[in-house]
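Contents: one structure, followed by commentary.
Quick caveat: nothing in here was measured; it's all calculated off a predicted structure. One is the number of the first residue; the rest follow in order along the sequence.
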Amino acid sequence: MESEAAQTQFLDIPERIFAAGEEPAGVRVTPYHKACGIRQILNALDSEEVDLVRLSPFGKMVEIADKPTFSGRFGRYIISRQLKVTKKHEAWFLFAGKPIRFSLREFAVVTGLNCQKFPSRTKKRSKKHITEKPYWGELFGTLKEVHVSSVIRMLKKKTIADKELRLKHAYLALLASVILPTTHTPHISQDHAELIKDLNAFFAYPWGRVSFDMLMCSIKERKEVSLAQNTIALKGFVLSLQLVMVEAVPSLTEVVQDGSSSGSEGESGEEDDNNVHKKSDKKSISPGHARDIDAAGQAQVCSIISHSASEIHNSPELEWSDDEEDAKVENMVALIQQRFHFSTANFCGGLSKLELNRLREEAKAESLNRKSSKTKTSNSASVQDGLDSGFVATIVKDCVQENCFRIASQITILQEAFDSFQSLVLSNMKDMFDKLDENVEKMTLLSDLAGKEYSVAPEGTHQDPTPVGSDAEEIGEDAGHPAQQPPREQQTKACYTETNSTLDPDLFFPEPTFSLGLTHEIQPPVKVIANDIVDGEPVAEHDKTISEDVAEAVVGCRKSKRQKVPPRSLLGHYECDIHFLNRARQAAADSHNSGGSIDYSAKFSVLLDKMKTDFCITTGRGTLQSSEVYEIVARTSPLSSKVVDVLMFHISSLFRARSPANQQSASVFLDTQFVAQLSKMYTKFSKVSKKDNFRFPNSITETIMQNVSLAKAERFYFPFNLDKKYWVGICVDCGSWTISVLDCNIALRTDYMMNKEIRPIAQMFPYLLKQVGKQVVGREAKPMALDRPRTIPQHNAITDSAISSILFIQAHAAAGVEVCKCITPDVLDTEAERLVVTLYERNVETL
C-alpha cells in the first residue's frame, strides 16, 4: 500500500471533481430525446424504407434502436464521477477505478454520424438560390410549425405517398427528436427542411459534430454546485454517453431490467399516440448492477474504445481548432498506452461535502448581491466618459422650448373653454331646478283642491255627490223619474275647469287612467238610488245592502293566499335580488304546490322515526333502502352512483312538475351512466380524423332523445365523478356554448386539471347533439368553452360534494348561477333534509 501511495504521488494526472466516496447521489439525468423516439419513427416506415435508412449515414440509428434505452439514474451516477480537465471538447469519467474518455472520436464510433469539420461558409448567396421557392412548402404545405409527433402520424397514416418524401420526413424527425433535441416537444426546423432538398448536401453536413458540441456544452457549463443537483437536464444525443460506457465496460449489459429507468422516458413529456411499443418490451441497464461493478473494481475497462476503422482515431477531421492543451490528460493517455494498471487510489482530490455546502452558500450570497447591485445600477444614471451633459441639456432645451410654449397656450385655451362651459351648465341647471320647484308647489295645491271638491254621501243618506259651491239641481220633476245626469268624465272635467279657473292654464292635468295610490286621489262616485220608490214601488232593503257592499268593495282589496314566487319567464332576463331568486329555488324544490310555508324540519322528524324501520323508496331510476336514504343526510362517506342517479331523477321530476309547460323541456337531466358511456367513447372518437363520420351508440343517443324535445332543450345537466369519490355538477349550455362546472371545492383541482377532465365532453358533445338532430347554427364543430364560476359556495368536506352538486344543479336549473350562492355550508344540512322529505313524499306518501 505504501508503494502504491508513493507511486500515486508522482503521477501527474487529472484530479476528481468530487472526492472519492463523497460524490453527490442525485436522482437522474433528464435527456430531451425520448427513449423510444427512434423506434417510433422506424415503426412508421415500411420495411424497404427502413433498409434504405440503414444504408444511409443515419443507418447506425436503426442498430441503436434495438439496444437498451437510456437510464437516467445510471447517467446521473456517471456525471458525478468526472475528472477535472481543461479541454473544452473532452470529458473523462471514472468507473471501477479506471478512466474512460468521452470525446468526438468515441461519439463518432458509437453513433456512426458525420463528425467532420464544418464546411466553410460563403459570404454571398447566389441569385438563383434567393429567388427560388422555399422547399418547406413542398414538404408541409402552409403549416408554419410542424411537431415531430405530427410527422410520425403522417408517416404512419401514409398521408405522404412518395417514397423519397417519406424518407426526408423520417430524416428530419430523427434529426429534430434524437440527434439535436432541445425540448421535450421537438419540431422540425425550417433551415433543416431547406437543406434536405438536396439529400447529398444534407448528409454531407456534420450533424454528429453539432450534436456532440451541444451535449458537451451542456456538461461543461455546469460547475460543482450545478453538478450536485438532483436532476440534470442535458441537450443533444445523451444516449451516446451510455453507449460509450457500454462499449468501454461490456459487463454493464450482463444485467438488464424491464422498462425504462427513471429519467429515460417519464420526464421527457407525454408519450406520443403513435408509440406502439409497450413499456414492458423496453430493456434498460441496471443502475444497481453498475454500482456493484464500480465498487468491486474488478471489471474489465477499456479506457479509450477502439474501432476497426483506424481512420476514425487518426483522422484530423475529428480534432478541434479551439481546444486547449492539458498536460495531465496527455500524461494519462500515455499511461493508458503503456497499459498502466489504474486503481481508485490513483485519483485523488475533489470536493468534500462540507466544501460543497460552502460553495452553495457562497453561490446564494453572490446571487443576492448580483440582484441588489443590478437594481442599484439600473436606478443610477450612467454618463459616458468625455460627454458634456450640460451641452446636451442646452441643445435639448432649445429644441423643445417652442413646443412647450405651444402646449402651454393650448392648455390655457382649453381651461378658458372649460370654465365657460361649466358656468353655462350650472346656470341651466339652476333655472331647471327653479321651474321644478314651482311646478311641484302648483301640483301640491291642485291635489289639495281636488280632494275637497268631491265627497261621497255618508252612510244612510241618498244624495249623489255634487260639486261643492255649485247650485244643486233638483233630481227631477217626478220622484219616479230621476233627472239625467251627465257622464262622469264631463263632471270631472267641469270640476277641474271650475276649480282651476284661478290657476295657470298651462298646468291643466287630465284625470289619470291609473291609480297613483295617493291619499287624496279622487274616488269613483258610487251610484246610490236617490229615492226608495221606483215606478211607484218601494225599493227592497237588500238592494240598498248590495249598493253599500259595492261601495265598500271599491275601497277594499283582496289578499292572495298563493306563495310569492316569481314567474320563470322573468328569471334570466332581469337582474333580480338574491332573496327573490332564492324563493324561486325553494318553490321548485317543494314536493307539492300547495302554497304557504312548509315545515320541513317537522316532516323530517317524522321521517327520521320511520327510518328506524326498514322501508324502500322506488323511483324510475332505482330503489333506495332506508339506510341509503339516511346516508344522504348523514354523509359519513361519499354517495354512490346509484344514490346520485335517484336524486337526479327526483330533481328532474320536481322541475317538470313545478315548471310551466313551455319551459319543461328547456333543461335536460342526465344520470351517471350517460357520463360513463360517453367518456368511454373518447378514445375511439379521438382517433377518427373526420369527426362527422363518428357514430355514437344507441345507448347514448336514446338517453338524450327519451322524453325530450330537442328543439327546446337548452341546458343539459349531469353529475361528474372525479377519482371515484369527488363529485361536481356539469351544465352544458347550448345557448352560450359553454360547459359550466359547479364545483364545491375548487382547491382540489386547478383550472388546467379540470379542463383536462372536461375536454372529452367539450369535444364530443357538439357532435352528439348533431347526431340526435339538435340544430346549433354556426357552432356544430366548435368545442365548447369551460366556465368555472368562482361564486359557487365552497364545502371543504369531500363527502358533501355529491349532495352539493345535486343542489347546485337544482338551483342552476331554477334560476341560474346566481341562486347557487344560497347553497352555503350552514344551510346544507337543511337543504339535504328538504331533499329527502320531498323524495319520500313524491314516491311514497305525504308526511
Side-chain angles (χ1 to χ4, degrees), residues 571-572 641 644-645 647-649 651-652 655-656 659 663-682 685-686 691 694 696-697 699-722 727-744 749 751 754-789 791-792 801-802 804-820:
L571 303 179
S641 300
V644 173
D645 286 343
L647 293 179
M648 285 295 296
F649 178 77
I651 64 175
S652 174
F655 180 82
R656 287 178 172 78
S659 300
Q663 297 179 358
Q664 292 180 0
S665 301
S667 299
V668 181
F669 298 85
L670 305 171
D671 54 12
T672 59
Q673 296 180 1
F674 168 81
V675 183
Q677 294 176 359
L678 184 63
S679 300
K680 291 179 181 178
M681 301 304 300
Y682 183 68
F685 178 83
S686 61
K691 308 299 182 183
F694 184 81
F696 293 93
S699 58
I700 297 178
T701 56
E702 291 176 357
T703 303
I704 295 183
M705 299 178 65
Q706 184 179 8
N707 300 326
V708 172
S709 178
L710 292 175
K712 299 179 181 179
E714 292 294 334
R715 295 177 299 276
F716 297 84
Y717 295 94
F718 51 84
F720 194 79
N721 194 2
L722 301 170
W727 294 87
V728 296
I730 302 295
C731 172
V732 180
D733 195 338
C734 297
S736 60
W737 208 247
T738 57
I739 296 181
S740 298
V741 181
L742 310 178
D743 192 352
C744 68
R749 285 284 197 286
D751 290 344
M754 186 61 70
N755 190 14
K756 191 174 180 180
E757 297 282 355
I758 305 300
R759 188 187 307 160
I761 299 176
Q763 294 180 358
M764 289 190 292
F765 219 90
Y767 294 95
L768 177 60
L769 293 177
K770 185 177 180 181
Q771 181 173 334
V772 298
K774 174 68 175 176
Q775 298 295 330
V776 183
V777 180
R779 295 177 173 176
E780 296 181 355
K782 182 181 178 181
M784 294 184 172
L786 177 65
D787 181 24
R788 201 178 185 193
T791 57
I792 298 294
S801 61
S804 300
S805 300
I806 296 296
L807 295 174
F808 286 154
I809 290 175
Q810 187 182 36
H812 194 280
V817 70
E818 288 297 324
V819 80
C820 294

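- Closest approach of Pro766 to Met784, counting heavy atoms only: CG-CG, 4.3 Å.
- The CD atom of Gln810 sits 12.5 Å away from atom CG of Leu742, with the distance rounded to the nearest 0.5 Å.
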For a side-chain contact (heavy atoms from CB on, under 4.5 Å) check, start with the C-alpha distance between Val675 and Leu670, then their side-chain angles and the critical distance, and finish with the verdict. CA-CA 8 Å; Val675 183; Leu670 305 171; 6.0 Å; no
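- Contact annotation: the side chain of Met754 approaches that of Leu722 to within less than 4.5 Å [non-hydrogen atoms, C-beta and beyond].
- Pro719 places a side-chain heavy atom less than 4.5 Å from the side chain of Met648.
- Aromatic pair Phe720/Phe718: centroids not less than 6.0 angstrom apart.
- Proximity of Ile792 to Val817: side-chain heavy atoms (C-beta onward) are separated by under 4.5 Å at one or more points.
- Cys731 approaches His812 most closely through the heavy-atom pair SG-CE1, 3.6 Å.
- Residues Asp743 and Arg749 are not paired through a salt bridge, judged by the lack of any N-O separation under 4.0 Å between the basic side chain and the carboxylate.
- The backbone N or O of Trp727 lies less than 3.5 Å from a partner atom in the side chain of Ser805, making a donor-acceptor pair.
- With rounding to the nearest 0.5 angstrom, the CD1 atom of Ile809 is 11.5 Å from the OG atom of Ser740.
- Inter-residue side-chain proximity for Ile739 and Ile730 is flagged as met; some heavy-atom pair is nearer than 4.5 Å.
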Kindly indicate, with the supporting measurements, whether the criterion side-chain contact (heavy atoms from CB on, under 4.5 Å) is fulfilled by Leu678 and Phe696. CA-CA 8 Å; Leu678 184 63; Phe696 293 93; 3.8 Å; yes
Could you walk me through whether Thr672 and Asp645 pass the side chain to side chain donor-acceptor pair (under 3.5 Å) test, one step at a time? CA-CA 6 Å; Thr672 59; Asp645 286 343; 2.8 Å; yes
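- Smallest separation of non-hydrogen atoms from Met681 and Pro697: CE-CD, 3.8 Å.
- With values rounded to the nearest 0.5 angstrom, Ile758 atom CD1 is found 8.5 Å from Ser679 atom OG.
- Listed by chain and number, the residues in a ring-ring contact (aromatic ring centres under 6.0 Å, His included) with Phe649 amount to none (sequence neighbours excluded).
- To the nearest 0.5 Å, atom OG of residue Ser686 and atom CZ of residue Phe694 are 9.0 Å apart.
- Going from atom CD1 of Ile704 over to atom CD of Gln771 covers 9.5 Å, rounded to the nearest 0.5 Å.
- Here the closest non-hydrogen pair linking Ser667 and Arg715 is OG-NH2, 3.2 Å.
- Ring-plane geometry between Tyr717 and Phe669 is classed as parallel, the angle between the planes falling under 30 degrees on a 0 to 90 degree scale with a further cut at 60.
- To the nearest 0.5 angstrom, Lys756 atom NZ is 15.0 Å from Asp751 atom CG.
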